[in-house]
Each structure stands twice: as structure tokens, then as C-alpha cells.
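Working notes for the structure below.
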Amino acid sequence: MPFERILICGAGVAGSVLAYWLAKHDFHVVVVERSKTEQTAGQGLEIEEPALKIIKSMRILDKLNQKKTGEMGFNLVDEQARSHGILEAGGVSPTGALELMRGDLTQILFKAADGSANVTYQFETTIQSLRQTQDKVIVDLENRNDKTIATEEFDLVVGADGVRSRTRQLVMGSPEELNCFKLVGAFVAYFSIPREDQDWPYSQLCHFTGRRIIWMRPLGKESKMTSVYLIHVHDDVPNLRRANAAGDRLKQKEAFAEIYSGLGWETPRVIQQMMRAENFYSDELVQVKLQKWSQNRVVLLGDAAWAPSPFTGQGNQLAIIGAWVLAQELSRNRNLVAFEMYEKRLRSYVENAQSIPLGGYGPYIFNPQTRWGIWLLRTSVRLVSWTIHFVSWLKLARILARILPDQPHSDFDLEIEEVEVNGAR
Ligand SMILES: Cc1cc2nc3c(=O)[nH]c(=O)nc-3n(C[C@H](O)[C@H](O)[C@H](O)COP(=O)(O)OP(=O)(O)OC[C@H]3O[C@@H](n4cnc5c(N)ncnc54)[C@H](O)[C@@H]3O)c2cc1C
């Protein structure tokens with residue numbers, strides 16, 4: 001029997017893009033999401049080619065453009081708020097051409113998929129257990145609100161439930177058993193704080209000794225809030241690791257307050273507001289590396305299968321591209337061959353995108369330990385920003401593309417022209 005009914009666990013970027021495209025291919029899709037609505041937490045994300053091509057073919061680019069944060073570029077500052085170089089948006093700047101808040105993106109993707117009669121979303125729901133038979137997956141779905149369990153049958157299950165995927169754990173084993181978590185050696189916190197005049201229109205990043213960074217990013221001309229990222233590159237911060245393991249948000253905040261105590265620039269304001277921030281999210285950065293992305297009738301997608309870590313800037317891109325390829329292969333085969341083809345087409349692209357820039361030393365080079373290292377970095381950024389005044393953007397981008405190693409192929413063939421189904425384009 002060809003596949004017809006598919007369960008997706010997780011209504012993040014990967015889950016909703018997949019639901020949208022599967023519905024276009026006439027599959028019946030149920031998406032379960034553990035949070036109360038589509039998960040709107042998180043800060044800035046960027047969409048670039050080739051994922052942009054998929055977004056355009058979903059006809060949601062206009063909606064995304066309306067939600068652009070409008071960040072004009074990147075300003076490297078010091079503890080006295082002096083600028084050491086501005087990189088305008090696009091090109092080599094950390095500010096991309098299409099910068100969005102993760103919540104805006106997941107909401108727009110959810111609405112695009114939910115608009116189809118073939119897709120049903122169930123919030124506050126998760127997979128409690130599952131078992132696979134010859135031709136079905138029997139799943140116990142738990143409603144986290146009223147604790148009821150409903151048993152349903154699907155032809156296949158997709159785990160799009162993020163780095164700490166429960167689906168992966170249920171079918172393949174724990175991260176420890178799989179040895180699939182590769183620590184990147186960094187801890188991050190994302191949250192937003194009330195905006196002040198100096199927060200607009202450039203994002204501002206300040207380095208402190210001991211590999212500590214504060215990056216503040218505007219959230220739009222009219223927004224009353226500013227987005228903040230704390231990045232601490234360190235192999236082991238025991239109290240933070242304990243707080244992460246316990247999911248204790250207050251302890252996570254206290255650990256970051258301690259790490260950033262006594263520092264200059266906007267640090268006192270940032271830390272004071274962090275303690276009140278409701279959308280605070282923190283984790284230790286890991287990459288997920290698996291031998292195989294599927295097990296019989298269960299397949300993994302996005303961060304659950306291959307989280308590349310924010311240092312690559314590819315998590316969002318890969319989630320969109322992976323969802324597109326999986327839907328395309330399922331439409332072509334409607335059986336388990338689709339999983340083989342999905343992995344065959346994507347594996348080397350994903351592994352390449354997982355490379356941490358500069359041979360893995362990027363996080364250390366861009367987060368120096370010493371005053372001297374910070375001085376060197378600031379001087380380099382000043383030089384780049386001066387050079388940009390003399391060399392055209394395009395030329396500089398070409399030069400850097402040759403110098404910087406480990407860039408994922410942007411010419412990945414999406415075979416987008418072949419999927420003209422049901423008026424999808
Ligand atoms: C809260 C949050 C904030 C983030 N903030 C940023 C950010 O600021 N910048 C950045 O670059 N990246 C951020 N990311 C990561 C980024 O969203 C992903 O790397 C990328 O979009 C790939 O998405 P994904 O759909 O594979 O996984 P995710 O975005 O992690 O989505 C997984 C979805 O599955 C849901 N889920 C998890 N477990 C279960 C379960 N057991 N049952 C049902 N549903 C479940 C989650 O609530 C979530 O909606 C964030 C992720 C999360 C979850």
C-alpha cells in the first residue's frame with residue numbers, strides 16, 4: 001500500500017514546510033506540537049538561497065518581507081560604545097538580506113500549511129510512545145493539557161522535533177547511546193529587552209575578554225523591544241550545564257548574570273532586563289551527527305537529524321531544504337525508497353553545511369580570549385569596513401568566497417521545476 005497518512009512531530013520550521021508540501025502532494029498530514037501554539041520563541045533567523053527559492057514557490061515571500069526586522073547592518077563596538085567598523089546588510093555582513101524573527105517565520109509557515117484541508121495541527125500534543133508493524137506505525141499521542149492518550153495509525157512518522165528530539169529517542173535511542181551529540185564548546189542565551197534609542201537601526205556587538213559576547217539586534221522600526229544574544233565560548237560551565245539539564249530558567253539566568261558581571265558597555269542594562277525577560281531561551285550548543293536519518297517507517301528531519309549549530313548559520317536553511325527534498329522524494333516513491341533517496345541527495349550537502357567555519361576555529365577566532373585578540377579582531381573589522389568603501393560588494397564577496405573554507409554549496413539542485421503539482425507553483 002502506498003503511503004497516505006503521515007504524522008509530523010514538531011511545528012517548527014522543518015515541520016510546517018514539510019506539512020505544506022506533503023499536502024500539495026495529496027498526503028493527509030497530522031502535525032503534533034508540544035507547545036500551546038506554534039512555537040514563537042527565538043530571535044533572528046536568516047533565509048537565503050537556495051532555501052529562498054522554496055519560500056518563493058510557497059508564495060509567502062511578501063508576508064515574510066513585511067516582517068523583516070529592518071536591521072540596516074552590523075556595528076562592532078567596544079566597552080565605551082565606540083564603533084570599530086560598520087558592515088551594511090547583505091554581502092559579508094552578519095546582517096542578511098532577509099532577517100526575520102523565528103516566531104514570525106514559524107507563524108507564517110504554520111498559516112501556509114494550516115490553510116490546506118489535508119493538514120491538521122494538534123497543539124499541546126506529543127508522541128508518548130510508538131511501535132512499528134510491517135505496514136503501519138501505531139502511535140500513542142498524549143495531550144499535555146488534559147493528559148488524555150489517543151492511539152492512532154499512520155503510514156509513517158517524521159520527527160521534526162528539534163535538537164533534543166523525542167522521536168529520535170523513541171526509535172533510535174538516547175543521544176548517549178547514539179553518541180550523536182557533538183559539543184561545540186559554547187553556551188548561548190536569546191531574549192528580548194525594552195528598546196532604547198541607540199538600539200536602532202544597526203545591530204551592535206561587543207566583545208569582552210574570556211570569550212564573552214553581547215550582540216544586540218533591532219527588531220523593527222516600530223518595535224518596542226530589542227533582541228539580545230549572549231554567547232560564551234567555553235568547553236564547560238558546570239552550573240550552566242546543570243541548569244540546562246534541569247530546564248531551570250532562573251538558574252540559567254543567574255549563571256549568565258554571574259558570567260557577565262562587572263562588564264562595561266550595555267551589560268548592566270542587558271543583565272538587569274534579562275532577569276525579567278519572559279522569552280528567555282538558553283542552551284549549550286551541540287551538533288547532531290547520525291549514521292542514518294531513518295529507521296524503518298520513522299524518519300528524522302531538520303535539527304532532529306542534523307542540527308548544525310548556530311555557528312554555521314545553516315539550521316534554518318537546512319530545515320527548509322530538507323523538508324522540500326523529503327516531500328519531493330515521498331511524492332515520487334510513496335514508499336520507503338523515498339527515505340533512501342532523501343538521504344542520498346542530502347547527506348553530503350548537510351555534512352558540508354555542518355562544517356564550523358575556519359576549520360572549526362571560527363568560534364575561537366571570532367570570540368577572542370585576550371585583550372590583544374579583541375584588538376586584532378576589531379582592527380580587522382575596521383580594515384574590512386574601510387576596504388568595502390573602495391571595492392564593490394560583489395568583488396569583495398567573490399574574494400571572501402575564495403578565502404573562507406567550508407561554505408555550503410549554494411548551487412544545490414532543488415529540482416524545483418519538477419514539482420508542479422496541484423497548482424503548487
Ligand atoms: C525555542 C527555540 C528558539 C530558537 N531560537 C533560535 C534563534 O534565535 N536563532 C537561531 O538561529 N536558531 C534558533 N533556534 C533553532 C532554529 O529554529 C532551528 O535550528 C531551525 O529553524 C531548524 O528548525 P527545526 O524545525 O528542525 O527545529 P526547531 O526549530 O527546534 O523546531 C522543533 C519544534 O518541535 C517542537 N517539539 C520539540 N519536542 C517536541 C515533542 N516532544 N513533541 C511535539 N513537539 C515537539 C518544538 O516546540 C518546536 O516547535 C531556536 C529553536 C527553538 C526551539
Side-chain angles (χ1 to χ4, degrees), residues 7-20 30-48 51 55 69 94 96 99-107 109-110 113 121-130 139-144 157-171 184 186 188-192 203 215 217 219 227-231 247 249 277-283 285-288 293 299-323 326 350 353-354:
L7 174 69
I8 300 173
C9 184
V13 174
S16 285
V17 174
L18 180 68
Y20 175 94
V30 175
V31 186
V32 291
E33 164 59 49
R34 70 174 169 193
S35 53
K36 277 193 180 146
T37 58
E38 64 278 12
Q39 175 60 273
T40 54
Q43 304 297 317
L45 295 173
E46 191 188 339
I47 304 178
E48 56 190 26
I55 292 296
T69 60
E99 286 285 349
L100 293 156
M101 289 299 282
R102 181 181 179 276
D104 289 330
L105 176 62
T106 49
Q107 245 163 8
L109 292 173
F110 157 69
Y121 277 85
Q122 293 181 20
F123 289 100
E124 291 189 285
T125 307
T126 187
I127 299 178
Q128 199 220 38
S129 62
L130 59 78
V139 187
D140 289 330
L141 294 174
E142 183 188 1
N143 182 304
R144 287 157 49 103
V157 172
V158 183
D161 43 358
V163 178
R164 296 175 200 280
S165 168
R166 174 160 175 79
T167 315
R168 187 183 61 222
Q169 168 117 12
L170 286 172
V171 293
V184 176
V188 291
Y190 314 109
F191 50 95
S192 28
S203 75
W215 190 11
R217 309 188 70 177
L219 288 177
S227 173
V228 179
Y229 301 59
L230 305 182
I231 306 168
R249 201 185 276 194
E278 287 186 6
N279 64 352
F280 177 92
Y281 174 78
S282 167
D283 209 348
L285 297 186
V286 296
Q287 292 193 313
V288 173
W293 297 336
V299 66
L300 301 174
L301 171 69
D303 279 3
W306 56 63
S309 100
F311 283 136
T312 66
Q314 294 295 316
N316 197 39
Q317 300 287 111
L318 291 180
I320 296 171
I321 294 167
L326 181 56
V350 163
Q354 281 183 318

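Read the numbers this way: they start at 1 and go in the same order the structure lists the ligands and their atoms.
In summary, the atoms of ligand 1 found under 4.0 Å from a heavy atom of Asn316, numbered by their order in the structure, are 20 (C), 21 (O). Within the listing of ligand 1, atoms 19 (O), 20 (C), 22 (C) sit less than 4.0 angstrom from a heavy atom of Gly315. Under a 4.0 Å criterion applied to the non-hydrogen atoms of Val13, ligand 1 contributes the atoms 21 (O), 25 (O). Atoms of ligand 1 lying under 4.0 Å from any heavy atom of Thr125, numbered from 1 in the order shown and given with element: 43 (C). Each of the atoms 32 (C), 33 (C), 34 (O) of ligand 1 lies under 4.0 Å from some heavy atom of Ala160. Listed by number with element, the atoms of ligand 1 under 4.0 angstrom from any heavy atom of Gly302 are 26 (O).
Not a single N or O atom of Gly15, backbone or side chain, sits closer than 3.5 Å to an N or O atom of ligand 1. By the 3.5 Å distance cut-off applied to N or O atoms, Cys9 is not counted among the residues near ligand 1. Note: an N/O pair closer than 3.5 Å links Glu33 and ligand 1 by distance alone. Some N or O of Arg34 is nearer than 3.5 Å to an N or O of ligand 1, by distance alone. In terms of N/O distances under 3.5 Å, ligand 1 is not approached by Tyr281.
Side-chain atoms of Glu124 do not come within 3.5 Å of backbone N or O of Glu33 as any donor-acceptor pair. The backbone N or O of Gln128 lies less than 3.5 Å from a partner atom in the side chain of Arg166, making a donor-acceptor pair. Between the side chain of Gln314 and the main chain of Ala307, no donor-acceptor pair closer than 3.5 Å is present. Side chain of Ser16 to main chain of Val13: no donor-acceptor pair is present (N/O by atom type, distance under 3.5 Å, no hydrogens or angles). Using a distance-only test at 3.5 Å, with no hydrogens or angles considered, a donor-acceptor pair links the side chain of Thr106 to the main chain of Arg102. Thr69 places no side-chain N or O within 3.5 Å of a backbone atom of Leu100 that could act as its donor or acceptor partner. Judged by distance alone, the side chain of Asn316 and the main-chain N or O of Ile47 form no donor-acceptor pair under 3.5 Å.
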Step by step, would you call Phe110 with Phe123 a ring pair (Phe, Tyr, Trp, His ring centres under 6.0 Å)? CA-CA 12 Å; Phe110 157 69; Phe123 289 100; 5.6 Å; yes
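In this structure, of Asp303, Leu109, Val17, the residue bringing a heavy atom nearest to atom 18 (C) of ligand 1 is Asp303. Taking all heavy atoms of Ile8, Thr106, Thr126 into account, the minimum distance to atom 41 (N) of ligand 1 is reached by Thr126. Nearest-residue assignment for atom 24 (P) of ligand 1 (options Ala14, Gly10, Ser16, Gly103; heavy-atom criterion): Ala14.
Between the side chains of Thr125 and Asn143, no donor-acceptor pair is found at a separation under 3.5 Å.
Proximity of Ala307 to ligand 1, defined as any heavy-atom pair under 4.0 Å, is not found for any part of the residue. For Arg102, every heavy-atom contact with ligand 1 shorter than 4.0 Å involves the side chain, none the backbone. For Arg166, every heavy-atom contact with ligand 1 shorter than 4.0 Å involves the side chain, none the backbone. Contacts of Pro310 with ligand 1, taken as heavy-atom pairs under 4.0 Å, are absent altogether. Within the 4.0 Å heavy-atom criterion, the part of Leu45 lying near ligand 1 is the side chain and not the backbone.
Ring centers of Tyr229 and Tyr281: at least 6.0 Å apart, outside the cut-off.
Residue contact annotation: Ile127 has no non-hydrogen atom under 4.0 Å from ligand 1.
The nearest pair of heavy atoms linking Ile320 to Val17 is O-CG1, 4.0 Å. Closest approach of Gly162 and Arg168 over heavy atoms only: O-NH1, 4.3 Å.
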